[in-house]
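In what follows, a single structure is set out as structure tokens and then discussed.
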Amino acid sequence: DPCEFRGEGARAVPLAGHVGFDSMPDQLVNKSVNHGFCFNILCVGETGLGKSTLMDTLFNTKFEGEPTQHNQPGVQLKSNTYELQESNVRLKLTVVNTVGFGDQINKEDSYKSIVEFIDTQFEAYLQEELKIKRTLHSYHDTRIHACLYFIAPTGHSLKSLDLVTMKKLDSKVNIIPIIAKSDAISKSELTKFKIKITSELVSNGVQIYQFPTDDETVAEINSTMNGHLPFAVVGSTEEVKIGNKMVKARQYPWGTVQVENENHCDFVKLREMLIRVNMEDLREQTHTRHYELYRRCKLEEMGFKDTDPDCKPFSLQETYEAKRNEFMGDLQKKEEEMRQMFVQRVKEKEAELKEAEKELHEKFDRLKKLHQDEKKKLEDKKKSLDDELNGFKQKKTAAELLQSQAQQAGGSTTLKRDKERKK
Ligand code: GTP
Ligand code: MG
């Protein structure tokens with residue numbers, strides 16, 4: 001970590017003899033060399049704009065890679081990692097390519113998979129950082145250090161797809177815009193095109209990577225190079241003999257474009273700036289600016305803050321406790337709500353049952369009354385029938401009496417008659 005030299009409390013004292021910490025820079029270099037470096041480049045650009053060719057040309061090798069078809073349903077990202085070695089320095093290089101960028105009819109969502117990819121790499125690093133047992137020294141850091149944005153050599157203005165995509169990416173990655181296949185455009189047109197692109201980027205508020213000018217050793221070259229952006233590049237792995245030297249070039253019926261000739265294109269400028277001068281700054285900016293922003297947003301989203309509402313420092317412990325209390329409170333509230341709901345339900349059910357019971361009772365009463373009425377009617381009927389029967393019986397007895405009297409009376413008359421007849 002860089003220490004603060006002019007900080008308060010530290011007093012400059014002279015050394016009386018050799019101590020040895022002047023070997024620190026060598027120690028740092030040795031450590032880094034032993035460990036190796038990693039560098040991750042993202043190439044964003046339409047299909048066939050020369051992305052693969054430029055990577056091959058930049059690193060003087062042939063990375064595998066098939067040309068892509070134009071019929072991709074969406075934008076995908078393809079990542080390849082290579083181990084490169086130059087003298088005794090090892091470089092773990094990852095090249096990520098967009099596949100199918102600009103090929104869809106509806107280009108609205110083209111940037112999304114790129115943003116997602118960059119965020120995924122940040123997230124993986126954050127997760128490693130948040131582990132209790134971190135192994136960051138052996139962790140394969142896949143965060144994108146540089147995004148080469150390939151602009152088609154139209155000579156007109158930037159496409160809206162380019163502006164939208166760069167705008168979405170500029171807070172997440174170091175964007176280095178380049179004009180691809182710049183041998184397709186004349187020198188005077190190229191000058192105008194560069195100016196046009198730069199002004200469009202500015203007016204749309206797109207922040208592209210600026211080569212740093214705070215380090216004296218590179219301040220001059222970097223500030224000059226900032227003025228040459230966006231670099232107009234030509235890629236080729238074909239070698240052509242110029243004089244008595246073999247150089248990378250593209251041959252045309254009317255002449256030869258030499259890739260590494262600064263009068264022909266800005267390829268050398270790009271290589272110098274990207275690999276020889278500013279690779280470490282690109283790595284550093286990725287960590288201290290882009291990753292830091294991602295980390296801050298992510299941790300804030302998780303509820304972590306450095307200060308409380310009164311701007312007093314907030315400890316991790318307190319934040320954790322606060323978050324935990326908040327969670328427990330929520331849980332309790334939920335529980336209480338559920339309990340209330342249960343009670344309410346039981347009450348409702350109870351009322352329903354009571355109502356049903358009442359209805360049942362009423363029905364019973366109704367039936368009972370009906371039954372009683374019926375019974376009473378029958379009894380009345382029985383009584384009237386009984387009365388009738390009694391009446392009938394009385395009449396019958398009376399009739400019988402009458403009959404017997406009549407018979408008696410009749411009998412004596414016959415006897416009288418018989419007696420009279422005998423006389
Ligand atoms: P995809 O991976 O399919 O999207 O394509 P790419 O962007 O990787 O392009 P690639 O490098 O495969 O190049 C596509 C074609 O353009 C090839 O025929 C290359 O020879 C040609 N090409 C590459 N670079 C240049 C250049 O700087 N100028 C010109 N004129 N042609 C180039
Ligand atoms: Mg390719």
Side-chain angles (χ1 to χ4, degrees), residues 40-82 93-105 107 110-111 113-114 117 144 146-156 158-159 161-162 165-166 169 175-187 189-190 193-194 197 228-240 242 247-271 273-274:
N40 307 322
I41 301 177
L42 167 64
C43 295
V44 180
E46 290 167 33
T47 306
L49 262 187
K51 301 183 293 292
S52 303
T53 310
L54 190 78
M55 284 300 115
D56 289 353
T57 319
L58 270 175
F59 290 95
N60 237 327
T61 186
K62 176 87 194 88
F63 299 121
E64 68 261 55
E66 300 280 298
T68 22
Q69 304 295 313
H70 280 266
N71 52 8
Q72 296 284 333
V75 180
Q76 290 169 6
L77 284 98
K78 232 173 96 188
S79 170
N80 284 302
T81 300
Y82 312 93
L93 176 75
T94 297
V95 179
V96 182
N97 259 298
T98 55
V99 178
F101 186 73
D103 284 341
Q104 293 75 38
I105 293 171
K107 299 184 174 64
S110 297
Y111 67 87
S113 41
I114 307 174
F117 181 89
I144 300 297
C147 165
L148 293 183
Y149 196 98
F150 289 67
I151 298 166
T154 60
H156 294 279
L158 280 171
K159 297 177 184 178
L161 171 67
D162 295 328
T165 308
M166 281 195 259
L169 296 183
I175 300 176
I176 303 176
I178 55 182
I179 299 168
K181 296 186 174 180
S182 67
D183 51 334
I185 192 169
S186 78
K187 207 160 185 162
E189 279 177 322
L190 195 61
F193 192 34
K194 277 192 181 188
I197 291 171
H228 285 289
L229 287 169
F231 294 140
V233 298
V234 174
S236 173
T237 45
E238 199 185 318
E239 301 245 317
V240 176
I242 303 282
V247 296
K248 287 198 205 75
R250 297 189 76 85
Q251 272 187 304
Y252 294 104
W254 56 88
T256 304
V257 181
Q258 296 169 36
V259 170
E260 293 175 278
N261 184 329
E262 289 207 51
N263 288 320
H264 292 191
C265 73
D266 299 331
F267 173 82
V268 172
K269 292 188 179 78
L270 173 67
R271 189 175 60 197
M273 289 293 99
L274 181 72

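Computed from a prediction, not measured in an experiment: that's the story for all the values here. In each ligand, atom 1 is the first atom listed, and ligand 1 is the first ligand listed.
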Item to check | Heavy-atom gap A184 to ligand 1 smaller than 4.0 Å | outcome: no

Next on the checklist: When you compare ligand 1 with R250, is there at least one nitrogen or oxygen pair between them that comes in under 3.5 angstrom?
Outcome noted: yes

Checklist entry - At their closest point, which heavy atom of F101 faces which heavy atom of T98, and how far apart are they? => result CB-OG1, 3.6 Å

Item to check | Location of contacts on F101 toward ligand 1, heavy atoms closer than 4.0 Å | outcome: neither

Item to check | Min N/O separation G48 to ligand 1 under 3.5 Å | outcome: yes

Next on the checklist: If the cut-off is 2.8 Å, does any N/O/S atom of T53 fall short of it from the Mg ion (ligand 2)?
Outcome noted: no

Checklist entry - Contact between F267 and ligand 1, counting heavy atoms under 4.0 Å? => result no

Checklist outcome for this item: T47 heavy atoms within 4.0 Å reach ligand 1 at atoms 3 (O), 4 (O)

Item to check | Closest contact, heavy atoms only, I175 versus M166 | outcome: CD1-O, 3.4 Å

Checklist entry - Does any N or O atom in G235 lie less than 3.5 angstrom from one in ligand 1, N or O only? => result yes

Item to check | Numbering as shown, the atoms of ligand 1 that approach S52 to under 4.0 Å (heavy-atom distance) | outcome: 2 (O), 6 (P), 8 (O), 11 (O)

Checklist entry - Does any donor atom in the side chain of D56 or T237 lie under 3.5 Å from an acceptor atom in the other side chain? => result no

Checklist entry - Heavy atoms only: which of V233, D183, V259 is nearest to atom 28 (N) of ligand 1? => result D183

Item to check | Close-contact set for ligand 1 against T53 heavy atoms, below 4.0 Å | outcome: 10 (P), 11 (O), 13 (O), 19 (C), 23 (C), 24 (N)

Next on the checklist: Can you give me the closest heavy-atom contact between G155 and I185, atom names plus distance?
Outcome noted: CA-CD1, 3.6 Å

Checklist entry - If you measure from CZ on F59 to CG on L54, what distance do you get to the nearest 0.5 Å? => result 9.5 Å

Checklist entry - Does E238 come within less than 4.0 Å of R250, counting only side-chain N to carboxylate O? => result no

Checklist entry - Say you draw a straight line from CG of L229 to CD1 of I197; how long is it, rounded to the nearest 0.5 Å? => result 10.5 Å

Checklist entry - Below 3.5 angstrom, do we get any N/O pair linking L49 and ligand 1? => result yes

Checklist outcome for this item: Distance col, row F267:CZ vs N261:CG, nearest 0.5 angstrom, shows 12.5 Å

Checklist outcome for this item: Here the gap from L77 atom CG to L42 atom CG, rounded to the nearest 0.5 Å, amounts to 6.5 Å

Checklist entry - N/O of K181 under 3.5 Å from N/O of ligand 1, yes or no? => result yes

